[in-house]
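To find a chain, count down the sequence lines: A is the first, B the second, and so on, and within it residues start at 1. Keep in mind that what you see is a predicted model, and the values were worked out from it rather than measured.
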There are 2 protein chains.
Amino acid sequence: MNDVKVYTEAKEGKPLGRVWRSALHLLEAGKRAPVVCGALRVQHQKLATIEDVAALAGVSIATVSRALNEPTKVADETRRKVTEAIARTGYTTNAMARSLRMRRSNMILILAPDVGDPNFSNILVGLETEASKRGYGVLIGNTQNDASRETDYLRFISSNQADGLILFTGHLPYGFGQDGTEGRLPPMVAVNEPVPNADVPFVGVDNFEGARIATEHLISQGHKRIAFVGRSGSREVNRLREEGYRKALAGAGIAVDPRMIIDGDGTTESGRAAAELMFVRDVLPTAFFCVNDATALGVIISLNARHYDLPRQFSIMGFDDISFSSFVTPSLTTMKQPRHRIGEAAMELLLQLLAGEKPHEQQVLLRAELIVRNSVARVG
Amino acid sequence: MNDVKVYTEAKEGKPLGRVWRSALHLLEAGKRAPVVCGALRVQHQKLATIEDVAALAGVSIATVSRALNEPTKVADETRRKVTEAIARTGYTTNAMARSLRMRRSNMILILAPDVGDPNFSNILVGLETEASKRGYGVLIGNTQNDASRETDYLRFISSNQADGLILFTGHLPYGFGQDGTEGRLPPMVAVNEPVPNADVPFVGVDNFEGARIATEHLISQGHKRIAFVGRSGSREVNRLREEGYRKALAGAGIAVDPRMIIDGDGTTESGRAAAELMFVRDVLPTAFFCVNDATALGVIISLNARHYDLPRQFSIMGFDDISFSSFVTPSLTTMKQPRHRIGEAAMELLLQLLAGEKPHEQQVLLRAELIVRNSVARVG
DNA sequence: ATCATTCATGAAAACCTTTACATCATCACA
DNA sequence: TGTGATGATGTAAAGGTTTTCATGAATGAT
């Protein structure tokens with residue numbers, strides 16, 4: 001139970017602080033040392049600046065800057081002196097000053113409705129990896145679909161703290177663009193959920209194609225009565241997956257039975273409710289194609305609770321391949337989203353935009369991969 | 001398939017750009033307008049600056065700054081004019097300039113070995129919420145336990161891009177402090193994994209107490225032969241939970257059987273392996289207390305595969321309460337980590353440090369809560 | 001009426017870079 | 001030798017804030 005140590009104390013006796021250096025400079029030049037000099041205001045440990053390095057290396061600050069940013073433009077010998085001075089002072093360039101001057105922060109703001117969502121967090125890894133590789137940092141903003149929080153986060157953009165934006169929200173941040181001609185959009189890329197009615201590049205999985213493949217897999221196992229769980233009027237992702245499902249049925253010459261299409265918002269609870277509803281109505285499929293794994297899990301829970309033998313009596317197919325899909329009993333056959341690559345691709349696209357390049361695609365659709373586990377059985 | 005729109009084009013005809021304003025100023029003062037004036041260099045849409053606001057309101061920039069930051073210090077009428085000018089220009093203060101001047105960025109860097117870890121991402125929500133509430137932004141860094149990446153991220157600190165640090169790594173970033181007296185530690189707080197041999201405030205769950213409660217719950221259900229799955233020499237968390245387990249046994253007068261303590265690194269795979277090992281050795285417990293839910297899941301998978309009837313034949317207890325714990329069959333009885341509160345508390349502590357306050361506790365231990373589900377049954 | 005205070009404001013410095021432009025030396029070529 | 005070109009470096013101007021100090025007006029006390 002010892003006390004907390006406060007680390008922000010002043011640090012004294014630093015050999016090459018700015019005050020010291022510049023006083024020296026003035027004295028050498030024969031001027032009177034400024035009052036500032038004796039100051040006790042050395043809080044927060046003064047860090048070495050480019051001036052300190054320049055003085056130590058005996059060159060101008062411009063040369064130091066060049067040695068750092070365009071090494072070819074300075075003579076070998078000079079460069080050597082500069083690098084040595086940098087090492088001795090422990091200099092790091094002040095990112096704030098740099099950003100101020102260059103009008104770019106090398107930061108990307110990521111806006112997501114729920115940072116805790118496992119589907120999101122894995123994409124985040126890809127985003128972060130790619131950004132960091134290119135010298136960018138990522139700032140994260142958790143909006144919880146709250147309009148005021150969305151607007152609030154825009155301060156990062158408008159105050160130059162972030163150069164670009166990655167959107168998981170499926171719509172422009174509230175208070176942006178949509179409400180008039182004024183607000184110019186910053187470089188941004190939408191991930192997972194495309195942004196309707198706005199010209200925002202999109203990176204995500206090919207939901208239509210993935211759902212088609214999934215459904216075809218069920219068909220290939222002999223299923224003809226296949227339910228789709230998770231229809232939603234509002235969510236684009238759900239709509240696309242339903243389309244893929246319909247396409248596959250049509251391709252196999254199976255008529256769509258409207259009673260086999262159940263509403264759902266993609267939560268586990270909605271999956272459970274959907275299954276229960278089917279039992280109540282007593283129109284039963286042989287297989288459930290669920291809009292996502294969370295939904296599929298709900299269906300499995302419901303069927304397990306009714307003591308069905310899975311997958312013998314019912315097959316279940318998911319979409320996403322989230323972490324626990326392999327641990328459920330029966331382990332879930334599903335479509336795997338290449339989350340890491342989605343993150344990388346999105347960041348890559350955004351950085352291209354930032355660099356002023358004009359990327360070829362307005363959309364990057366990545367293929368979902370069929371993962372066969374134990375929740376789908378052959379029938380008939 | 002239309003082309004990507006590039007948003008960074010110059011914006012022309014902006015009424016109150018800086019160039020315009022300052023040229024006017026110079027002309028009024030009777031000086032010659034500088035060459036800069038006619039420039040076409042209006043890239044990236046010039047944003048309104050504090051000078052624009054000042055000019056429009058007819059006051060000095062100092063007053064505008066004060067009106068914004070210390071409103072009580074400016075006269076009501078002046079404040080009104082300033083706020084109106086701000087509204088008309090759409091001014092936002094440039095965070096870079098502000099940070100440069102104030103030597104603080106209002107950013108917190110979060111260093112985590114795996115951003116995708118669900119246990120982490122939920123804490124992140126708490127961290128982010130609290131930070132955002134206090135006007136801070138969070139930057140995330142995914143280290144993957146890679147020393148070079150850890151070092152790399154320190155540039156955010158040393159270049160003033162972040163004011164403080166939240167550590168999930170369980171050790172100081174490589175290249176920091178440990179290798180000598182030089183590197184002064186920035187304000188930081190460790191979460192989840194305490195930092196050994198360093199005076200870093202810690203926020204996390206009370207693992208010892210939680211494990212004790214968990215084990216006592218098993219004992220209260222009549223279990224006497226209780227295995228501990230997940231002993232680890234290197235991980236502090238595992239060690240503490242094992243201690244809690246031992247304490248509970250001791251409290252109940254049950255001798256610790258060393259064959260009941262199985263190594264494990266906390267992964268699902270390690271849980272499965274541990275259970276298999278016990279069957280091979282044929283020293284079987286009536287209950288498994290697992291170091292975390294992932295491990296417990298492995299145990300459950302193993303037992304399910306052997307077609308045991310759970311929890312009738314074996315009870316399983318986890319720790320953490322991660323998302324799928326309620327979905328496994330049998331659903332997992334476990335200790336719930338107050339993840340959101342951990343995040344909030346950690347951020348709160350860090351911001352206290354940053355404000356120069358001296359918090360009372362060096363450690364904040366939050367209580368884990370027993371969540372009773374279906375994986376533990378009464379025995380005997 | 002005079003003086004001391006308080007209050008509101010402005011001028012200018014400081015924060016630390018990057019970079020356009022100027023300078024100066026060197027070298028090649030006519 | 002003169003002329004250009006080339007290359008390395010320095011000077012100084014932004015970039016947009018916050019904040020110290022100075023100024024001047026208004027207020028209150030004597």
Side-chain angles (χ1 to χ4, degrees), chain A residues 17-19 21-22 34-37 39 41 43-44 46-55 57-79 81-82 89 91-106 158-161, chain B residues 17-19 21-22 25 29 34-37 39 41 43-44 46-55 57-79 81-82 89 91-106 158-161:
Chain A
R18 184 165 206 287
V19 169
R21 220 287 311 169
S22 64
V35 188
V36 178
C37 194
R41 303 183 48 257
Q43 331 165 353
H44 291 325
K46 283 255 184 188
L47 295 163
T49 75
I50 200 172
E51 275 194 62
D52 302 319
V53 176
V59 298
S60 77
I61 61 169
T63 303
V64 175
S65 175
R66 273 189 293 257
L68 247 46
N69 301 320
E70 318 159 283
T72 61
K73 289 201 179 176
V74 337
D76 289 357
E77 170 60 9
T78 319
R79 191 168 54 240
K81 282 189 297 187
V82 169
T89 51
Y91 169 76
T92 338
T93 98
N94 180 318
M96 293 313 162
R98 174 173 235 262
S99 297
L100 173 58
R101 174 60 219 236
M102 303 193 57
R103 281 213 183 79
R104 65 201 329 261
S105 57
N106 279 23
S158 56
S159 69
N160 278 325
Q161 264 175 118
Chain B
R18 184 166 206 284
V19 169
R21 221 286 310 166
S22 65
H25 184 253
V35 188
V36 178
C37 196
R41 305 183 46 257
Q43 331 166 354
H44 292 324
K46 284 256 184 189
L47 295 163
T49 74
I50 199 171
E51 276 194 60
D52 301 321
V53 175
V59 299
S60 77
I61 60 169
T63 302
V64 175
S65 175
R66 273 189 292 257
L68 247 45
N69 302 318
E70 318 158 284
T72 60
K73 288 200 177 175
V74 342
D76 289 358
E77 170 59 9
T78 318
R79 191 167 53 241
K81 281 190 297 186
V82 170
T89 52
Y91 169 74
T92 338
T93 99
N94 181 318
M96 293 311 160
R98 175 173 233 263
S99 296
L100 173 59
R101 173 60 221 233
M102 302 192 58
R103 282 214 187 78
R104 63 193 340 254
S105 56
N106 280 22
S158 56
S159 70
N160 277 326
Q161 265 177 116

Regarding [X], tell me which of base, sugar-phosphate or nothing describes its non-hydrogen contacts under 4.0 Å with the strands shown.
{"X": "T92(B)", "value": "sugar-phosphate"}
{"X": "T78(A)", "value": "sugar-phosphate"}
{"X": "T93(A)", "value": "sugar-phosphate"}

_I need the Q161(A) CD to N94(B) CG distance, nearest 0.5 Å._
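So the CD of Q161(A) and the CG of N94(B) are separated by 9.0 Å.
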
Could you list the residues that satisfy side chain to side chain donor-acceptor pair (under 3.5 Å) with [X], not counting sequence neighbours?
{"X": "T92(A)", "value": "none"}
{"X": "S99(B)", "value": "none"}
{"X": "R79(A)", "value": "D76(A)"}
{"X": "T93(B)", "value": "none"}

_Nearest to the side chain of S60(A), heavy atoms from C-beta on, is which of dG10(D), dT17(C), dA11(C)?_
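Selected nucleotide (nearest to the side chain): dG10(D).
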
_From the set dG16(D), dT17(C), dT19(D), return the single nucleotide nearest to any side-chain atom of N94(A)._
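Closest of the options to the side chain of N94(A): dT17(C).
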
*Please report the C-alpha distance between S65(B) and I50(B) in whole Å, then the side-chain angles of each, then the deciding distance to 0.1 Å, and finally whether the side-chain contact (heavy atoms from CB on, under 4.5 Å) criterion is met.*
CA-CA 8 Å; S65(B) 175; I50(B) 199 171; 3.9 Å; yes

_With each end axis built from five pairs of C1' atoms, what bend angle do you get for the helix from dA1(C)-dT30(D) to dA30(C)-dT1(D)? Round to 10°._
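Overall, the helix from dA1(C)-dT30(D) to dA30(C)-dT1(D) bends by 50° from one end axis to the other.
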
*Send over the distance from R103(A) CZ to dT17(C) P, rounded to a whole Å.*
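Roughly 19 Å, once rounded to whole Å.
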
*What residues in residues 64-77 of chain B put a non-hydrogen atom under 4.0 Å from any atom of DNA chain C?*
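Those residues whose heavy atoms fall under 4.0 Å from DNA chain C, taken from residues 64-77 of chain B in numerical order, are R66(B), V74(B), A75(B).
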
*Where each residue is assigned the nucleotide of DNA chain D containing its nearest heavy atom, which of R98(A) and I61(A) is assigned the position nearer the 5′ end?*
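Whichever sits nearer the 5' end wins; that is I61(A).
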
